[in-house]
2 protein chains.
Amino acid sequence: MKFSKVPEATIRRLSAYVRHLEVLEEKGEVVVSSASLAESCGVNAAQVRKDLAYFGEFGIRGVGYYIKDLSDNIKTILGLNREWHLAIIGIGNLGSSLLFYKDFFKKNYKIVAAFDVDPAGVVGRVSEKIGKPVEILHPEQLQEVARDRRIDIAIIATPASEAQKVADQIAQSSIRGILNFTPTQIQMPKGFAVKNYFFTTILDNVAYLLRWRVK
Amino acid sequence: MKFSKVPEATIRRLSAYVRHLEVLEEKGEVVVSSASLAESCGVNAAQVRKDLAYFGEFGIRGVGYYIKDLSDNIKTILGLNREWHLAIIGIGNLGSSLLFYKDFFKKNYKIVAAFDVDPAGVVGRVSEKIGKPVEILHPEQLQEVARDRRIDIAIIATPASEAQKVADQIAQSSIRGILNFTPTQIQMPKGFAVKNYFFTTILDNVAYLLRWRVK
DNA sequence: CAAGAATAGAGAAAAGTTTCACATTTACCG
DNA sequence: CGGTAAATGTGAAACTTTTCTCTATTCTTG
């Protein structure tokens, strides 16, 4: 199976579905219809069914979807049933927040390393803030540490001007996934999974909508 | 003008363009071609031209786009040439990061209020962290404060279980824009600009790509 | 046990988005 | 001053994604 024709939008919605299914499960619900799931997630019911149809048949006609079952299936599809090792590169404001606030991450994501060009300068500040000692490594060690600690995904939280440099180093390592928090488009060779997550882009989007679409 | 048929993807790309144009401007560049801008932003050249064509003609055939001019035009389109007032609702881990790390925000976004159901409990913690006193208000005051301080956009950073409650209060206020950091879909009446920004959704996306698409 | 209501699955249609291809414009060079 | 190269703007084509609609299945109720 390769699922290469599945839209990325579908993948994003699957995350939303699974999150809502967990809420329903906690409430003790057992079955959910595509219509109800769709409404809770703000999409069309046919969309929910199409999204799931890419991966198999998980429902029962006339009945709906068994919540636990569907949830497990989606988690398997997304790869949420295994642990992913993360590294944070760039321990400035943003990076140290991520390090500090581990509960940003769901339990299947684990931070296994932190890198900064100024480890000495950063260690004290961060350790104090977190209240326990933290190991900050120099990016030179990236390749070695990536292999040893089996880092799957690098989170780039450096200044924008450093992002491409970091990306080049990641390209030389065993890491294949990147979540880029900087407002730059990094250039990578084929074979890497890269997603950008820049916050003010979305804020700009809200501002635009306010400016032109609302009222 | 209403620009109601402009794809949201276009808006997101405009943010990327403007950011790259600023980099070019700093470097002292004067003119840029759609091909070059496209490459830097990881899109197709025709896409750049189409995106801009929704709003007018900003280029010169045979030449390209004057960087300063294009940048100004896009900023006007996006509404980045005015100041937007933000409020952060929910001053837990995430909320206090946003408050603390103001430089997450570009200069045209200004945090003008912070709310939490436990102002007293939060004030000390946050003030200490920020190193200066911070005013945390109770959400009951939202309507009044929203009007007085002309809050444009509310950033919801509460626990997911509280998000809808907060959304309902926003619906009653003068605020019309929401950036939702919680992993829930909030239900709003028509006439609100709402965008979700949930971090592990994107992380899930990277994990999925690693699982099925890479290598 | 039969009829009716509820609901998934799937093909087709519709809508939306991206890319192509080319006519047109501009600058530059010999 | 004319020819060539570079680059935009744009209509059409290609592609992708969403929505509709209908059929088949299951459960429930009388």
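Letters A, B, ... are given to chains in the order of the sequence lines, protein chains preceding strands, and every chain is numbered from 1. Note that this is a predicted model, so its numbers are computed, not measured.
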Of all heavy-atom pairs between [X] and [Y], which one has the smallest distance, and what is that distance?
X	Y	value
Asp116(B)	Ile91(B)	OD2-N, 2.7 Å
Ala193(A)	Leu209(B)	CB-CB, 3.6 Å
Gly79(A)	Trp84(A)	O-NE1, 2.8 Å

- Query: Parallel under 30°, tilted from 30 to 60°, perpendicular over 60°: which one fits the rings of Phe199(B) and Phe181(A)?
  - Reply: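 Tilted, since the angle between the ring planes falls between 30° and 60°.
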- Query: Can you name the salt bridge (Lys or Arg N to Asp or Glu O under 4.0 Å) partners of Arg150(A), sequence neighbours left out?
  - Reply: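 For Arg150(A), no residue satisfies salt bridge (Lys or Arg N to Asp or Glu O under 4.0 Å) once neighbours in sequence are set aside.
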- How would you list, by chain and number, every residue that makes a side-chain contact (heavy atoms from CB on, under 4.5 Å) with Ser40(A), sequence neighbours excluded?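 Here the qualifying residues are His20(A).
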- Please name all residues satisfying side-chain contact (heavy atoms from CB on, under 4.5 Å) with Ser173(A), sequence neighbours left out, ordered by chain then number.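 Counting only residues at least two positions away or on another chain, Ser173(A) forms a side-chain contact (heavy atoms from CB on, under 4.5 Å) with Gln143(A), Ala146(A), Ile170(A), Ile175(A).
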Could you check how far [atom1] of [X] sits from [atom2] of [N], rounded to whole Å?
X	N	atom1	atom2	value
Tyr54(A)	dA10(C)	OH	P	13 Å
Leu52(B)	dT19(C)	CG	C1'	16 Å
Tyr65(A)	dA6(C)	OH	C1'	13 Å
Glu8(B)	dT17(C)	CD	P	9 Å

- Item | 5' to 3' contact window, DNA chain D with chain A (heavy-atom distance under 4.0 Å) |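 That gives a stretch of dT17(D) to dC27(D).
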- Output the residues of residues 19-36 of chain B in contact with DNA chain D, where contact means a heavy atom of the residue under 4.0 Å from an atom of the strand; sort by number or write none.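 Per residue number, the list reads Ser33(B), Ser34(B).
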- Message: Taking CD in Glu29(A) as the centre, count heavy atoms belonging to other residues, nucleotides or ligands within less than 6.0 Å. Is the count above 12?
- Response: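 It does: Glu29(A) CD has more than 12 such atoms within range.
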- Message: Strictly under 4.0 angstrom, non-hydrogen atoms only: write out the protein contact profile of nucleotides 20-30 of chain C, one letter per nucleotide from the 5' end, B, S or -.
- Response: BB--BBBS---
- Is there a donor-acceptor contact under 3.5 Å linking the side chains of Gln164(A) and Asp168(A)?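 Judged by distance alone, the side chains do pair up.
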- Item | Whether Arg149(A) side chain and Val112(A) backbone form a donor-acceptor pair below 3.5 Å |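 The answer is yes, because a donor-acceptor pair under 3.5 Å joins these two groups.
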